[in-house]
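These notes are about the structure you will find just below.
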There are 2 protein chains.
Amino acid sequence: MDLAEALEKIMSGLSSGRTIIVVGSMHAHYAGRSTSWLAEGDRLLIIKSDKSILIHRPTGYEPVNWQPPGVVINAQITEEGLVLECSRKSPPEILRIVITEVYSAESYRLVDNGEFIIHAREEDMKAAIINSPDIVEPGLRIVETERRIGDEYIDILAVDSSGQIVIIEIKRKRATRRDVEQIVDYATQVEKELGRKPRKILVAPSISKEAASLSMVLRVEYKCFSPRLAYEILSKKKGLDRFL
Amino acid sequence: MDLAEALEKIMSGLSSGRTIIVVGSMHAHYAGRSTSWLAEGDRLLIIKSDKSILIHRPTGYEPVNWQPPGVVINAQITEEGLVLECSRKSPPEILRIVITEVYSAESYRLVDNGEFIIHAREEDMKAAIINSPDIVEPGLRIVETERRIGDEYIDILAVDSSGQIVIIEIKRKRATRRDVEQIVDYATQVEKELGRKPRKILVAPSISKEAASLSMVLRVEYKCFSPRLAYEILSKKKGLDRFL
DNA sequence: CGTGCCAGGTGCCGT
DNA sequence: ACGGCACTTGGCACG
């Protein structure tokens with residue numbers, strides 16, 4: 001396809017809020033939070049209807065260059081080729097794309113109001129524990145969630161059957177040494193604020209060897225629980241609720 | 001476009017290692033590390049030549065659903081529509097895409113050997129400091145980089161003009177409370193291992209108010225330095241080297 | 001393979 | 001705007 005023709009497709013697509021797909025050979029330069037050069041090659045350029053921009057190579061998950069939604073786009077043909085300058089003010093950054101050959105350039109009016117539901121995340125683990133604290137320990141009572149201590153947040157604050165304060169930190173993946181350190185830091189903050197030494201329970205599907213030995217030293221308890229199991233429990237409960 | 005025609009485009013594209021772009025109405029279900037449902041809507045489906053898969057909505061940077069490179073793809077037409085089952089074993093997960101309407105389906109043989117160079121990252125800050133330790137403090141001598149302490153890594157280990165050990169932790173962005181805690185943790189490890197209390201210097205373009213007050217308490221020093229400045233210094237040095 | 005850590009991370013939510 | 005934090009984070013380097 002001709003560069004001039006492609007420019008027209010892009011301009012009309014931009015003005016009508018369509019999603020534009022250009023397949024072609026291009027190079028790009030980015031300057032902003034970082035600085036990058038992308039040499040010539042065949043790529044997929046996507047300009048979405050919210051003016052977010054993606055340059056995808058023919059492999060891999062990530063775009064090689066991009067701009068977030070809402071950039072200002074300036075398009076023109078120069079002796080270099082079809083030049084797109086995509087810039088924004090905060091943070092100040094610019095992506096300059098030079099398209100030298102166009103294999104395809106089309107725009108589409110895409111209507112997407114489809115709901116997106118995601119489960120089996122940390123949020124589900126939290127919900128399941130709030131719903132049934134016994135998952136962590138029999139007799140546990142939830143006091144507060146997302147409690148702010150200083151600048152940080154504690155997933156769940158609870159009280160055990162003997163009346164002692166319990167800090168619960170939830171991780172959806174294998175708990176690391178850092179996670180153990182984090183909950184200890186929370187405990188220090190809580191003790192400073194409430195004047196009582198809390199118990200510390202790390203809830204995660206597994207725990208690394210290093211984290212396990214550190215947790216012994218720092219008196220952090222570990223309870224095995226997974227996002228998948230949490231989701232199953234919640235689904236079952238929801239199913240029952242429908243019956244009752 | 002007809003679903004059967006689109007299926008043929010996809011199959012031939014897959015067998016010849018092309019990058020496939022389908023624009024159409026679809027819904028999807030993902031199960032694996034998490035679980036998600038995506039209701040019907042207009043989207044952009046990309047199957048790259050390495051068999052990575054991306055479903056992009058008409059807005060935003062991120063794909064709504066995806067699969068990393070190397071999945072096994074099964075495509076067929078059922079009464080639901082054009083069904084793509086993309087699965088992999090480790091971790092076990094599957095993305096099931098049902099395309100009900102196709103606006104466009106094309107495949108392209110993309111050749112992309114273009115180099116990608118990126119600068120002004122943490123790596124550049126480290127390189128600049130190793131090259132000219134005076135940036136951090138006059139008289140500083142680098143001892144070791146990426147020193148492993150336990151399971152963790154210290155960016156730079158150095159010795160100051162008075163012979164005291166210095167731990168340097170580099171951050172490309174504003175230093176947070178957590179960064180201060182991290183370097184203190186490193187210092188504890190170093191003291192345990194080397195038997196001497198090290199100085200702790202946090203190098204970052206800026207520091208949050210909370211982090212600054214915490215650094216006072218925990219005796220963490222702060223030195224202002226940015227990835228951009230590091231990159232400029234390195235570029236200048238490289239330019240000089242060419243002359244000498 | 002797991003383990004740690006950076007990333008132009010992005011996105012969400014809160015002050 | 002800054003701050004904290006999860007994410008199917010992805011990506012890389014290293015033991």
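Note that these values count all heavy atoms, side chains included, but never hydrogens, waters or copies made by symmetry. The chains referred to below are lettered A, B, ... by the order of the sequence lines, with proteins before strands, and numbering in each begins at 1. Quick caveat, the model's predicted, so the values are computed rather than measured.
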Item to complete: Calculate the interatomic distance between B:R178 atom CZ and C:dC5 atom P; express it in whole Å.
Response: 14 Å

Response to the item:
Rounded to whole Å, CZ of A:F116 lies from P of C:dC12 at a distance of 11 Å

Practice prompt. Could you please name the option among D:dC5, C:dG4, D:dG3 that lies closest to any side-chain atom of A:R177?
Written response: C:dG4

Worksheet item: How many Å lie between CD on B:E93 and C1' on D:dT9, as a whole number?
Response: 12 Å

Worksheet item: Going by heavy atoms closer than 4.0 Å, what residues in residues 46-67 of chain B are next to DNA chain D?
Response: B:V64, B:N65, B:W66

Practice prompt. Report yes if a side-chain nitrogen or oxygen of A:K173 is closer than 4.0 Å to either non-bridging phosphate oxygen (OP1 or OP2) of D:dT8; otherwise report no.
Written response: no

Worksheet entry | Under-3.5 Å donor-acceptor pair between B:E152 side chain and C:dG4 base | no

Item to complete: Would you say whether A:Y30 stacks on C:dG8? The test is a distance between ring centres of less than 5.5 Å and an angle between planes of less than 30°.
Response: yes

Fill in: Length of the line joining A:Y153:OH and C:dT15:C1', which is rounded to integer Å
7 Å

Worksheet item: Closer than 4.0 Å, any side-chain N/O of B:T35 to the OP1 or OP2 of D:dT8?
Response: no

Worksheet item: Picking from C:dA7, C:dC6, D:dA6, which would you name as closest to the side chain of A:K171?
Response: D:dA6

Worksheet item: Can you find a side chain N or O atom of B:R33 that sits less than 4.0 Å from OP1 or OP2 on D:dC7?
Response: no

Discussion item. Below the 4.0 Å mark, does D:dC7 have OP1 or OP2 next to a side-chain nitrogen or oxygen of A:R172?
Written reply: yes

Discussion item. What residues from residues 121-131 of chain A pass a heavy-atom cutoff of under 4.0 Å to DNA chain C?
Written reply: none

